[in-house]
Every structure is written in C-alpha cells, then in structure tokens.
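Report on the following structure.
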Amino acid sequence: MSIQKPKGTQDLLPGEIEKWQYIENKARELCSRFNYREIRTPIFENTELFQRGVGETTDIVEKEMYTFIDKGDRSMSLRPEGTAGVVRAYVENKLYGEPDVSKLYYIGPMFRYEQPQAGRYRQFHQFGIEAFGAVDPSIDAEVIALGYTFYKELGLKDVTVEINSVGNPACRAVYREKIQQFFAPVKDKLCKDCQSRYDRNPMRILDCKIDQKYGEGAPTILEYLDEECTVHFQAVQDHLNAMEIPIRINPRLVRGLDYYTHTAFEYKAAGIGAIDTIGGGGRYNGLVGQIGGNDQPGVGLGLGMERILLVLQAQGVDIPTAPPLDVYLIGLGETAEREVTKLLQQLRVAGLKAEKDYLGRKMKAQMKSADRYHASFVAILGDDELARGEITVKTMATGEQQTLSLEQFVAAMQKQKAL
RNA sequence: GCGGUCGUGGCGAAGGGGUUAACGCACUGGUCUGUGGCUCCAGCAUUCGUGGGUUCAAGUCCCAUCGAUCGCCCCA
C-alpha cells in the first residue's frame with residue numbers, strides 16, 4: 001500500500017456524495033425558512049480561542065485537539081467544534097452592532113483526535129446554527145425546533161429531544177457543592193474517571209455508566225435552579241409545547257462543553273452502535289464576553305452529519321439520487337464523431353444531461369454504457385444518416401426507434417425531457 | 001490512550017504450512033462486420049496491508065507496524 005488517508009477520515013465518493021448534497025441542501029433550505037444566514041469561518045484558529053471558548057478542562061481541549069505551531073511560531077488548532085469560531089467572527093466583525101438578532105448557520109468539517117468507531121471520526125462534519133443577541137426563551141425553543149424539524153424532514157424516525165437546564169453560574173455553583181456532598185461518602189468507591197470528575201465536573205458522575213448505583217437519589221440541578229433559571233426553563237418548555245415539539249426532560253443531561261448556561265439539549269436516535277447522540281446544543285450567555293466581545297447572549301446547536309447518515313441508513317430511509325442521463329450519443333465513423341461532439345454541446349447547452357463514449361468502443365459496448373447510465377434515449381449517428389441529414393433515436397425503455405432530422409433533434413430531445 | 005475482531009483481484013469471498021491462489025459479481029472481447037438489459041465462450045491477482053522472523057517450504061505460524069471495524073472514556 002502506498003499513501004493512505006489519515007486515520008479516522010473518509011473519502012466521500014460519487015454515489016455517496018449525493019446523500020451529503022441532499023442533506024446539505026435541506027439544511028440550507030431549512031435555514032432560509034427559519035431566517036438563518038450562512039457564515040463560513042476558518043477551519044483553524046488560534047489555539048487560545050478554543051481553550052477559552054470550549055473550556056480548559058474539557059476532554060476536547062485536554063486531549064482531542066489537532067494543535068500545531070505554524071511558521072510564525074503561533075499555536076493553531078483545527079476547529080474541534082463550530083461555536084467558538086462563529087463567536088469569534090461575531091465579535092471580530094462587530095455583528096452585535098446590528099439591530100436584529102444575528103441568526104447564523106454553518107456546515108463544515110470539524111476535527112478531533114480520537115479513536116474512531118461507529119459514528120466517530122477524526123474529521124467529521126457538522127451542521128450548526130447560532131443565534132446571538134437575545135435572552136428570550138422563544139429563541140432557545142426555535143433553535144431546538146429547527147434541529148427537530150431538520151431531522152423530521154429528512155425522514156428520521158424516533159428522534160428524542162432531551163432537554164435540561166444547567167442553570168447560571170450562581171445556581172450551578174450551589175448545585176455543584178450539593179453534588180460533591182452527596183458523593184463524598186462514596187468518593188473512593190467511584191471509578192477512577194469519576195474520582196477526577198468529583199473535583200472537576202461532579203455533575204458528570206451522574207452520567208457515568210459504571211457508577212449509576214451511587215447516583216441514585218442524587219439531587220438534580222432542577223431542585224437548585226434560582227428564580228430566573230426556573231422561569232426561563234419553564235418558558236422554553238412552554239414554547240416547545242406550543243410548537244408541538246415532543247421533549248423529554250432529563251435532569252442529568254450534562255454537555256461536554258463548559259460554556260452552556262440555562263438550556264442544554266440533545267437529540268438522540270438509535271442505529272449507530274453504542275452511540276445515540278446525533279446532535280446537541282444549548283444556551284451560552286457568558287461565552288461572547290469571554291471571547292472578548294461586549295457580552296451578548298447566544299444559543300446554538302450542532303448536528304453530526306455522519307450520524308444522520310448512519311441513522312438514515314439504519315432506518316432504511318431512501319435518499320433521492322441524481323437524475324439519469326437524458327441522451328447518450330453514439331457516433332459511428334469519423335465525420336459522424338465530429339457531428340456528435342457538436343450535438344453533445346448543443347444538448348448540454350439546451351439543459352439536457354448528455355454523454356458519449358470516449359474510449360473508442362464498439363457500438364455494442366456503447367449501448368451497454370448507455371444502459372448503465374440509465375439513459376432515456378440513445379441517439380445514433382452514422383455516416384449514412386449524416387449524409388441524409390438524419391439521426392436515429394432509440395427509446396431505451398421500449399426499444400422503439402425513430403428517425404429525426406438533424407435540425408429537429410435537439411429541440412425534440414428538449415421536448416421529451418419536458419414531458 | 002486502552003481492549004476485541006479483521007486486512008487475499010475493481011467489489012464480495014474460499015484457502016489455516018507444500019508450491020498453476022477456488023468461486024461469484026463487475027469489467028473487456030467474441031457469439032451478433034451499426035444496437036442495451038438474456039444465453040454461451042474467452043480474458044481479467046508473478047500475488048495475499050507493510051516490514052521482519054521461524055521453516056527445506058508461509059496468504060497459511062510468530063513478532064512488529066499501519067489501517068479498518070467494534071467497544072471503553074467522551075462526544076457529533
């Protein structure tokens with residue numbers, strides 16, 4: 001073997017790429033309806049952006065970043081998620097100066113240095129949205145609704161929306177202490193991951209599969225939300241109910257990024273082996289300020305493209321594929337060959353999908369090729385037809401043939417396609 | 001970072017130490033000197049991920065390495 005693609009990356013080939021294009025088109029079209037506009041930011045940023053934005057103690061920053069020193073001796077990192085870069089661009093371009101809420105979306109590759117498995121790659125793709133400038137719970141609900149609608153319109157079945165409130169820094173601090181108190185008596189019985197979580201992010205212990213038993217009866221964050229947080233969380237639910245988005249409250253839902261406040265949510269679906277999260281997001285009210293902007297609230301989500309594809313496949317959902325060829329042109333003889341080139345161009349300019357042979361193959365082989373392309377028509381032009389100013393057109397589905405004059409040919413094909 | 005399984009032609013897949021590497025699909029050509037989807041015939045891997053070792057002999061055993069895949073941690 002010579003050079004192989006980097007571990008955990010994939011080549012998206014014709015046949016597969018059509019599915020991506022379909023999903024991307026759906027995302028763009030949906031965002032347009034929800035009035036979100038596209039933003040494209042660099043796929044690498046100063047490492048510090050992610051350290052500050054995503055959080056120093058997150059797994060992402062601690063062990064999953066593709067970090068390198070560039071020739072100017074700067075530490076750069078491939079983006080491990082989309083929000084930090086969009087926040088940076090929002091601040092740097094002073095979009096907060098606009099009168100309306102900034103509603104943005106992105107589609108693109110993200111990079112995390114992890115061991116690949118079903119639904120997990122080192123280069124993966126996310127479709128995400130971010131809304132800056134509003135604290136109103138209706139926009140939390142809108143973001144959640146957009147993701148849900150996206151899955152639904154793609155044909156995904158049985159998508160669950162789990163939501164929680166992770167509070168604000170004040171009530172979370174209180175809760176954090178309560179959780180530590182709760183686990184203190186069993187601290188040395190916890191698994192080693194949880195022992196370190198105990199100090200760093202005790203809420204995660206509740207998520208641990210090994211230590212489920214110790215988590216029973218643990219206090220939930222919802223019991224410690226202050227007035228503001230409770231009201232906000234309730235309002236988000238009310239809006240979602242009004243929109244008829246089915247939700248499940250999961251008081252143990254904790255996300256892997258540090259920046260969330262208030263609303264946190266995940267979309268789940270079966271079909272990717274051990275992984276069930278297909279997207280997630282939340283509100284991040286302190287983040288813009290942390291990145292250095294004048295502080296503006298934000299909410300957003302990120303959906304994994306690969307995971308959508310995997311679930312679609314597991315559920316046997318069909319994705320529309322590219323239309324077949326309209327016309328396959330066969331030229332026999334040198335003079336006819338040149339006429340074919342000319343007609344091919346005319347057909348294409350006229351809006352038809354047309355193809356010819358480039359390998360000097362015999363008629364029979366060309367017919368087979370036309371068949372493989374599922375061509376609607378095969379047009380045959382030999383020197384004798386050419387001499388008469390005619391062309392033979394075969395309807396592949398029925399096998400019928402007719403003779404057309406060369407002048408009418410392109411127009412006739414165009415008319416057929418319109419049917 | 002750790003653990004399980006796997007790595008043979010364009011694809012799927014036999015072969016588990018003994019020397020021409022099955023078979024199926026696809027493809028190419030012929031049967032049909034200008035007509036597809038059917039039939040029949042022929043062709044299509046100096047080579048079994050890579051490197052090293054054991055042996056008279058290695059896809060076949062051993063080690064390493066790379067990759068795939070599944071799982072753990074965590075997430076998209």
Side-chain angles (χ1 to χ4, degrees), chain A residues 1-10 13 15 54 57-64 79-83 107-128 147 191-194 196-197 201 204 207-211 253-257 266-269 272-281 300-311 325 328 330-333 336 357 359-386 391-401:
Chain A
M1 250 316 182
S2 46
I3 299 175
Q4 297 170 280
K5 66 183 183 301
K7 184 174 183 152
T9 64
Q10 44 184 346
L13 307 175
V54 178
T57 62
T58 58
D59 282 3
I60 291 177
V61 168
E62 272 191 343
K63 51 183 200 189
E64 295 171 2
R79 62 184 185 193
E81 57 95 55
T83 303
I107 300 175
M110 306 294 163
F111 305 84
R112 291 185 202 171
Y113 193 92
E114 288 192 277
Q115 250 7 273
Q117 76 182 67
R120 175 182 295 153
Y121 301 90
R122 288 187 172 181
Q123 175 175 342
F124 61 101
H125 299 78
Q126 280 188 337
F127 156 46
C191 70
K192 64 174 188 300
D193 287 322
C194 283
S196 75
R197 286 185 190 124
N201 195 345
R204 285 269 190 78
D207 247 0
C208 180
K209 284 155 193 135
I210 305 165
D211 294 323
L253 178 68
V254 180
R255 307 231 62 233
L257 296 86
E266 279 186 5
Y267 302 98
K268 297 193 169 177
I272 324 179
I275 291 169
D276 62 358
T277 302
I278 54 175
L301 60 70
L303 312 182
M305 303 279 284
E306 285 79 0
R307 291 187 180 179
I308 290 172
L309 260 339
L310 285 167
V311 175
L325 273 189
Y328 190 95
I330 298 177
L332 303 160
D357 171 74
L359 300 172
R361 288 184 295 197
K362 303 203 167 152
M363 170 124 189
K364 185 184 170 72
Q366 295 196 41
M367 287 299 296
K368 284 182 108 168
S369 179
D371 196 43
R372 274 196 295 271
Y373 283 126
H374 304 296
S376 304
F377 297 97
V378 169
I380 303 159
L381 187 66
D383 287 337
D384 46 342
E385 276 119 338
L386 189 56
I391 187 163
T392 302
V393 175
K394 177 166 185 169
T395 306
M396 291 300 271
T398 62
E400 289 166 39
Q401 288 192 186

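Just so it is clear, the model here is predicted, and its values are computed rather than measured. Just so it is clear: chains get the letters A, B, ... in the order the sequence lines come, proteins before strands, and each one is counted from 1.
Between B:rU28 and B:rU20, the distance separating the two C1' atoms is 23 Å to the nearest Å. The same atom, P, is picked in B:rA13 and in B:rC75; the two are 35 Å apart, to the nearest Å. When the C1' atom is compared between B:rA58 and B:rG17, the two are found 6 Å apart, to the nearest whole Å. A gap of 28 Å separates the P atoms of B:rG12 and B:rG52, to the nearest Å. Of the C1' atoms belonging to B:rG71 and B:rG49, the separation is 23 Å, rounded to the nearest Å. Using C1' as the reference atom, B:rG53 and B:rC27 are 40 Å apart when rounded to the nearest Å. Using atom P as the reference point in both B:rG10 and B:rC6, the two lie 23 Å apart (nearest Å). Comparing B:rU60 with B:rU47, their C1' atoms are spaced 14 Å from each other, to the whole Å.
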Which atom pairs link the protein and nucleotides 25-33 of chain B when you take only N or O atoms and keep those under 3.5 Å?
residue	atom	partner	partner atom	Å
B:rC27	OP1	A:Arg372	NH1	3.0
B:rU28	OP1	A:Arg361	NH1	2.9
B:rU28	OP1	A:Arg372	NH2	3.4
B:rG30	OP1	A:Lys362	NZ	2.3

Report all interatomic pairs (protein N or O, nucleotide N or O of nucleotides 5-13 of chain B) with separations under 3.5 Å.
none

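Side-chain contact between A:Leu325 and A:His374 is absent, with no heavy atoms from C-beta onward closer than 4.5 Å. Between A:Phe127 and A:Met305, some side-chain heavy-atom pair lies under the 4.5 Å cut-off. Counting heavy atoms from C-beta outward, A:Met363 and A:Leu332 have side chains that approach closer than 4.5 Å. At least one side-chain heavy atom of A:Thr392 sits less than 4.5 Å from a side-chain heavy atom of A:Glu385. Annotation: side chain of A:Tyr121 is in contact with side chain of A:Glu306 (closest heavy-atom distance under 4.5 Å).
Atom CD1 in A:Ile272 sits about 11 Å away from atom C1' in B:rC75, given to the nearest Å. A:Ile330 places its CD1 atom 7 Å from the C1' atom of B:rU35, with the value rounded to the nearest Å. Taking atom CG of residue A:Asp371 and atom C1' of nucleotide B:rG36, one finds them 4 Å apart after rounding to whole Å. Look at CD1 on A:Ile308: it is 13 Å from P on B:rA76, rounded to the nearest Å. Atom CE in A:Met367 sits about 10 Å away from atom C1' in B:rG37, given to the nearest Å. One interatomic measurement links the two molecules: NZ of A:Lys268 to C1' of B:rC75, which rounds to 11 Å at whole-angstrom precision. Atom CD in A:Gln123 sits about 17 Å away from atom C1' in B:rG67, given to the nearest Å. Between the C1' atom of B:rC72 and the CD1 atom of A:Ile275 lies a distance of 11 Å, rounded to the nearest Å.
Here A:Gln401 lies in heavy-atom contact (under 4.0 Å) with a base. A:Phe127 comes within 4.0 angstrom of nothing in the nucleic acid, heavy atoms only. As judged by a 4.0 angstrom heavy-atom cut-off over every strand, A:Gly8 is placed among residues touching the sugar-phosphate backbone only. Among the protein residues, A:Gln366 comes within range of no part of the nucleic acid, since none of its heavy atoms lies under 4.0 Å from any strand. Contacts of A:Glu306 with the nucleic acid, taken as non-hydrogen atoms under 4.0 Å apart, are absent. A:Gly399 comes within 4.0 angstrom of a base, heavy atoms only. Using a 4.0 Å heavy-atom cutoff across all strands shown, A:Ala118 reaches sugar-phosphate atoms only and no base atom. Here A:Lys394 lies in heavy-atom contact (under 4.0 Å) with a base.
Of the residues near RNA chain B, A:Lys5 and A:Gly119, the one whose nearest nucleotide (by heavy atom distance) lies more toward the 5' end is A:Lys5. Comparing A:Ala375 and A:Pro116 by the nucleotide of RNA chain B whose heavy atom lies nearest to each, the residue mapping closer to the 5' end is A:Ala375.
Taking 90° from 0 as the syn/anti boundary, the base of B:rG16 is oriented syn. Nucleotide B:rG59 carries a syn base; the chi torsion (O4'-C1'-N9-C4 or O4'-C1'-N1-C2) is within 90° of 0.
Regarding contacts with the backbone of B:rG71, a side-chain N or O of A:Gln117 is found under 4.0 angstrom from either OP1 or OP2.
Contacts of A:Thr277 classified as side-chain hydrogen bond (donor to acceptor under 3.5 Å, both in side chains), with partners at least two apart in sequence or in another chain: A:Glu266. Residues forming a side-chain hydrogen bond (donor to acceptor under 3.5 Å, both in side chains) with A:Thr58 (at least two apart in sequence, or on another chain): none. Remark: A:Gln115 pairs with A:Lys7 by the side-chain hydrogen bond (donor to acceptor under 3.5 Å, both in side chains) rule, at least two apart or across chains. For A:Ser369, the side-chain contact (heavy atoms from CB on, under 4.5 Å) partners two or more places apart in sequence, or in a different chain, are A:Tyr328, A:Arg361, A:Arg372, A:Tyr373. In this structure, the side-chain contact (heavy atoms from CB on, under 4.5 Å) partners of A:Gln123, at least two apart in sequence or on a different chain, are A:Thr9, A:Pro109, A:Phe111, A:His125. Residues forming a side-chain hydrogen bond (donor to acceptor under 3.5 Å, both in side chains) with A:Thr57 (at least two apart in sequence, or on another chain): A:Asp258. Residues satisfying the side-chain contact (heavy atoms from CB on, under 4.5 Å) criterion with A:Glu64, sequence neighbours excluded, are A:Asp59, A:Ile60, A:Arg112, A:Glu114.
A donor-acceptor contact under 3.5 angstrom links the side-chain atoms of A:Glu114 to the base of B:rA76.
To the nearest 0.5 Å, the span separating CG on A:Leu303 from CD1 on A:Ile278 amounts to 7.5 Å.
Side chain of A:Gln126 to main chain of A:Gly128: no donor-acceptor pair is present (N/O by atom type, distance under 3.5 Å, no hydrogens or angles).
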Dot-bracket for RNA chain B, 5' to 3', counting Watson-Crick or G-U wobble pairs under 3.5 Å, with [ ] for crossing pairs and | for inter-strand pairs? ((((((((.[[[..)..(....]]].((((.........)))).....[[[[[..)....]]]]])))))))....
